[in-house]
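Here's the structure we're looking at; comments come further down.
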Amino acid sequence: MIQFRDVTLIYPRGPGVFDIDFYVDIGELVFLVGPSGAGKSTILKLIYMDLMPQSGEVEVNGFLTHRTRRRYVPYLRRTLGLVFQDFRLLPDRNAFDNVALPLHIVGLARHEIRERVYSALEDVGLGERTHHYPRELSGGEQQRVAIARAIAKNPAIILADEPTGNLDAATSLEILDLLTFLAEENGSTVIVATHDYTLTSRKKGRLIEINEGRLLD
Amino acid sequence: MINKFLYLVTEGIRALWRTRLPMVGSTLTIALTLVIFGGAYIALSNFDRATRRLQTQYRIDVFFDPLLTNQEAFQVYQRLKDVEGIASTEFISKERAADIFEREFGEDVMEVLGTNPLNTGAIVLVARGYRTVRRINRIADEITRIPSVDDVAYRGELVRLLERYLQFAVYSGLGFGVVTLLGAIFLVSNTIKLSIYAKREAINILHLLGATRKFIRFPFMVEGTLQGLLGSALAVGIVVGLLDVANYILEQFVLYRIIRPPYLVTGLVIMGIMLGSIGSSRGIRKFLTPRALKAAT
């Protein structure tokens, strides 16, 4: 499913990640934990091929970094659901349109898009707020919309980069519960990058620790 | 596929509405450019038709030295027949000239002046194979070189003059048109640039969600093309409207109508769409690049 083989990436102005080697299986829940600047986001970016390794190789859903040309990266991303700390919602679109966006990208029929969007928004508890704009929603609700957008296309892998970073403790737990529950229901692999160790202790999942760009044993 | 297409077209329209202020500027510039080109096309087509009409009268009026008697003038007249390219000639004696004067001005020159100062001369008709401005000029030059020929007058001269002035007007109009055309392309691409910058965060999100370059670019192409279409609709309205007004005014005074050349409307619409698409693809090529987007943030 996801395989890192001796991956190294050094940024021009500073460190990156070094000799990363791990494997994540189908349906696994993995916490990628480490302090800020440890390299968690870099690893996620390598998975969705926003960055390419300088040495080593990443394999995601059959896409290999050294064989995947730039123009094919969108096809890999369509198999992934991405959730970010800052939600990355379009401010001028309501919850429905935001969740529908990846479905328009893959070119689904209108009726199917409607069905999937309503179902995803129901799943995250926002069935009544489909026509609300991000500015009309709380942080937790915005993150729920982002989760609905990630799960609406039934992705094989969900990548969440500090999904609770902007939320209070209670909401953080709620969001994490929701994310893991839906992923489990969907059979998706989930990788949650977080610096919050307390959060990981509440969930049963594999822990991959990273510090200064290197995995800890 | 059709769903995706419709979605992207809607996105293009939405983007156009979002940048409506700069869009008005670029649409007006496109319209101005098209009005200039449309006007030049109408002028050229009508001039072509008018000169073709004028060329049906291939007559050269020859005036001899006013001091010549009728007999001396007739000898000069005989030499006209040696000039190549002449179909027929008619001698105009002093008396015949006075008749023509009376017919045209309603006055007897002898009664008015007590003498006949009118030139003797000839009317020359150019042969069929010589009826071009260049050849008529050559015949007129040859006639002028005959001793005692004082002057020649012919419509070819009028045609040539008209042609020269119109050419000047059309070429300067087209020169101005090219400048506005470049301006229109620049303004469309600038509108697209503003639209791209306004949507840079959305573009980034689209990339993350798996949108291809085509998917991201298409709405901007739609936006530019729509600007071209709006500009051409405006230009067609202005050109056709002005043409109708001009014809209405002309009808009050002369029996002449400015014709609407074929393919005017189609040509303007196609040109408008092309201007819009060229402008938007320039904008996309220049500003929808990772480097340009990064520089904008």
Side-chain angles (χ1 to χ4, degrees), chain A residues 41 44-45 47-51 60-61 63 68-84 86-93 97-114 134 145-146 148-153 155-161, chain B residues 1-23 191-223 281 284-285 287-297:
Chain A
S41 297
L44 294 188
K45 282 180 182 175
I47 296 175
Y48 61 83
M49 294 192 189
D50 198 31
L51 296 171
V60 184
N61 285 339
F63 288 84
T68 307
R69 296 173 72 174
R70 273 267 161 230
R71 62 190 165 123
Y72 294 117
V73 170
Y75 301 99
L76 159 75
R77 291 190 185 163
R78 289 177 191 185
T79 68
L80 309 173
L82 304 178
V83 179
F84 296 93
D86 55 359
F87 322 128
R88 305 262 174 112
L89 299 176
L90 299 181
D92 59 337
R93 306 296 161 96
D97 289 335
N98 266 292
V99 178
L101 196 57
L103 307 177
H104 283 297
I105 290 172
V106 290
L108 291 187
R110 265 187 179 192
H111 65 93
E112 201 174 341
I113 290 176
R114 278 177 71 86
V145 175
R149 183 180 66 188
I151 60 164
K153 57 182 176 181
I157 301 169
I158 294 176
L159 303 175
D161 192 359
Chain B
M1 195 65 191
I2 188 82
N3 286 304
K4 201 188 265 193
F5 176 77
L6 289 175
Y7 174 76
L8 292 175
V9 169
T10 318
E11 285 296 298
I13 295 168
R14 203 194 276 244
L16 191 66
W17 180 246
R18 200 179 297 123
T19 51
R20 56 191 173 277
L21 211 64
M23 180 270 283
T191 312
I192 298 297
K193 172 185 157 182
L194 292 175
S195 190
I196 289 171
Y197 285 179
K199 286 183 74 179
R200 59 187 181 274
E201 189 52 39
I203 291 167
N204 190 24
I205 292 170
L206 283 167
H207 275 303
L208 291 173
L209 295 178
T212 55
R213 273 158 57 128
K214 265 189 211 161
F215 187 94
I216 293 169
R217 288 171 172 213
F218 194 82
F220 295 112
M221 279 307 290
V222 171
E223 192 182 337
S281 54
I284 290 167
R285 226 178 26 251
F287 306 111
L288 195 55
T289 60
R291 189 184 287 183
L293 287 170
K294 207 172 177 185
T297 46

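When reading the values below, keep in mind they use all heavy atoms of this one structure, side chains included, and skip hydrogens, waters and symmetry mates. Every chain is numbered from 1 and lettered A, B, ... according to where its sequence line falls, protein lines coming before strand lines.
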Report yes or no: does B:S195 contribute a side-chain atom to a donor-acceptor pair with the main-chain N or O of B:T191 at less than 3.5 Å?
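Pair absent, no side-chain N/O of B:S195 close to backbone of B:T191.
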Interchain contact, [X] with chain B, by part (heavy-atom threshold 4.5 Å):
X: A:Y72; value: neither
X: A:R71; value: neither
X: A:L89; value: backbone

Using non-hydrogen atoms only, which part of B:I205 is less than 4.5 Å away from chain A: side chain, backbone, both, or neither?
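The side chain, not the backbone.
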Distance to the ring centre below 6.0 angstrom and angle to the axis at most 45 degrees; does that hold for B:R20 and B:W17?
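Yes.
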Taking the six-membered ring of B:F218 (Phe, Tyr or Trp), confirm whether the NZ or CZ of B:K4 is under 6.0 Å from its centre and within 45° of its axis.
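The answer is no; the distance or angle limit is not met.
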Using a cut-off of under 4.5 Å on heavy-atom pairs, state which of A:T79, A:D92, A:I113 scores highest against chain B.
A:D92
First locate atom CG of B:L208, then atom CG of A:D50, and finally report the distance between them rounded to the nearest 0.5 Å.
6.5 Å
May I have the list of side-chain donor-acceptor pairs in residues 98-111 of chain A shorter than 3.5 Å, sequence neighbours left out?
{"residue": "A:N98", "atom": "OD1", "partner": "A:L90", "partner atom": "N", "Å": "2.7"}
{"residue": "A:N98", "atom": "ND2", "partner": "A:L90", "partner atom": "O", "Å": "3.1"}
{"residue": "A:N98", "atom": "ND2", "partner": "A:R93", "partner atom": "O", "Å": "2.9"}
{"residue": "A:N98", "atom": "ND2", "partner": "A:N94", "partner atom": "O", "Å": "3.3"}

Looking at B:N204, B:L8, B:I2, B:L206, which one has more heavy-atom pairs under 4.5 Å with chain A than the rest?
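Top option by heavy-atom pairs under 4.5 Å: B:L206.
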